[in-house]
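Everything on this sheet refers to the single structure shown next.
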Amino acid sequence: MLFRVARWLFQLPGKVFAPIFRSRLTLVIFFAVVAAGIFAIKQQRQPEEIFTLAAPQNYVIQREAPLREAREHCVGPLPDNQGQPWPASAGFLHQPDWKTGSKLQAFTLDNQHNKFAVLVKLESAARQTLAEVFLPAASSFNIKLQPDTSYVMKVKDINSGCSFRTVFSVADNHDGRLPLTLTAEGSERYHPITNSKF
């Protein structure tokens, strides 16, 4: 019994393929079907292979693009103050115009830890320029501000021409000092801005 089954299995390929190989027409049709099947399988796999090759390996998003963009717009060093010489000491280039009877509090802009002079613009939340101050390297300057108001401060490094921006409130600075540390490690975060936004 096992011998008959084995002989039948051995003869099966011949019985199946014998009619195909008897004529040239059936032979051509057979190989055409095989080629079409192989082509169809390759077409199905091709998009997956392309996607695998196109996928970036170990891609890391660079989040410092805004900083690089801002540095590209640094326009320093600034040799003068719009055609006028820089002051020899810290002082106002544009003084604030407070209304009579305004409640003001003394506040210090501290540039003592920097080896470069800075130009400071103070603006209200409505982007109205309130004051403009020049501070030489390693200096500080006292101004009077409204304690219950938030201010936008823009700082320009005179040496490099790079500009930075921060938001602060007098009430949040209990010691009454604001260090002009133009790094993320300072007491205030200074964000780089382009020259057009200064």
Side-chain angles (χ1 to χ4, degrees), residues 59-198:
Y59 182 71
V60 179
I61 298 175
Q62 299 294 331
R63 302 192 181 275
E64 296 183 357
L67 181 59
R68 292 199 304 270
E69 179 184 352
R71 284 178 175 171
E72 288 175 359
H73 290 80
C74 295
V75 289
L78 303 182
D80 56 44
N81 173 31
Q82 299 179 356
Q84 300 295 325
W86 294 111
S89 59
F92 282 111
L93 299 180
H94 172 72
Q95 295 190 26
D97 185 17
W98 301 115
K99 294 181 180 179
T100 304
S102 298
K103 184 180 179 181
L104 303 175
Q105 181 176 335
F107 197 73
T108 302
L109 299 176
D110 188 358
N111 194 43
Q112 293 184 355
H113 299 287
N114 291 328
K115 297 180 180 180
F116 50 85
V118 295
L119 178 62
V120 177
K121 283 186 180 179
L122 291 174
E123 298 179 354
S124 64
R127 295 186 178 180
Q128 178 185 1
T129 302
L130 302 175
E132 195 168 348
V133 181
F134 173 78
L135 290 93
S139 67
S140 61
F141 186 72
N142 295 327
I143 60 174
K144 291 185 178 180
L145 300 173
Q146 293 177 328
D148 55 349
T149 305
S150 293
Y151 296 93
V152 175
M153 183 173 69
K154 298 176 181 178
V155 183
K156 181 181 288 291
D157 178 350
I158 300 299
N159 186 38
S160 67
C162 296
S163 302
F164 300 84
R165 177 185 183 277
T166 188
V167 179
F168 74 98
S169 173
V170 177
D172 294 336
N173 292 268
H174 303 291
D175 59 351
R177 300 184 71 86
L178 185 62
L180 304 180
T181 49
L182 307 182
T183 62
E185 291 77 17
S187 57
E188 297 287 336
R189 291 185 63 88
Y190 290 85
H191 304 279
I193 58 175
T194 60
N195 186 55
S196 61
K197 293 182 179 179
F198 179 76

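What you see is a predicted model; the values in this text were computed from it and never measured.
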Hey, does [Y] have a side-chain heavy atom less than 4.5 Å from the side chain of [X]?
X	Y	result
Phe116	Leu182	yes
Leu78	Leu119	no
Gln146	Ser102	yes
Met153	Leu109	yes

Point to revise | Expected output: side-chain Asn111 to main-chain Pro136 donor-acceptor under 3.5 Å | key: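 Between the backbone of Pro136 and the side chain of Asn111 there is a qualifying donor-acceptor contact (under 3.5 Å).
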
Of all the heavy-atom pairs spanning [X] and [Y], show the shortest one and how long it is.
X	Y	answer
Val170	Pro147	CB-CA, 3.8 Å
Leu93	Pro87	CD2-CG, 3.9 Å
Pro96	Ala131	CD-CB, 3.8 Å
Ser163	Thr194	CB-O, 4.5 Å
Ser169	Thr149	OG-O, 3.6 Å

Review point. Is the distance between the ring centroids of Phe168 and Phe107 under 6.0 Å?
Key: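 They qualify: ring centres under 6.0 Å apart.
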
Exercise for review: Verify the ring-centre separation between Phe92 and Phe141: is it less than 6.0 angstrom?
Suggested key: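 Ring centroids of Phe141 and Phe92 are less than 6.0 Å from each other.
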
Point to revise | Residue pairs involving residues 142-155 (criterion salt bridge (Lys or Arg N to Asp or Glu O under 4.0 Å); sequence neighbours excluded) | key: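 Qualifying pairs: Glu123-Lys154.
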
Taking atom [atom1] of [X] and atom [atom2] of [Y], what is their separation to the nearest 0.5 Å?
X	Y	atom1	atom2	value
Leu145	Leu104	CG	CG	7.5 Å
Ile143	Leu178	CD1	CG	9.0 Å
Gln112	Ser139	CD	OG	7.5 Å
Thr181	His113	OG1	NE2	8.5 Å
Tyr151	Leu130	OH	CG	6.5 Å

Review point. So which of Thr166, Asp157, Val118, Asp110 actually passes side-chain contact (heavy atoms from CB on, under 4.5 Å) with Leu180?
Key: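 Testing Leu180 for a side-chain contact (heavy atoms from CB on, under 4.5 Å) against Thr166, Asp157, Val118, Asp110 leaves exactly one candidate, Val118.
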
**Study point:** CG (Asp97) with more than 12 external heavy atoms under 6.0 Å
**Key:**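 Not buried by this count: 12 neighbours or fewer within 6.0 Å.
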
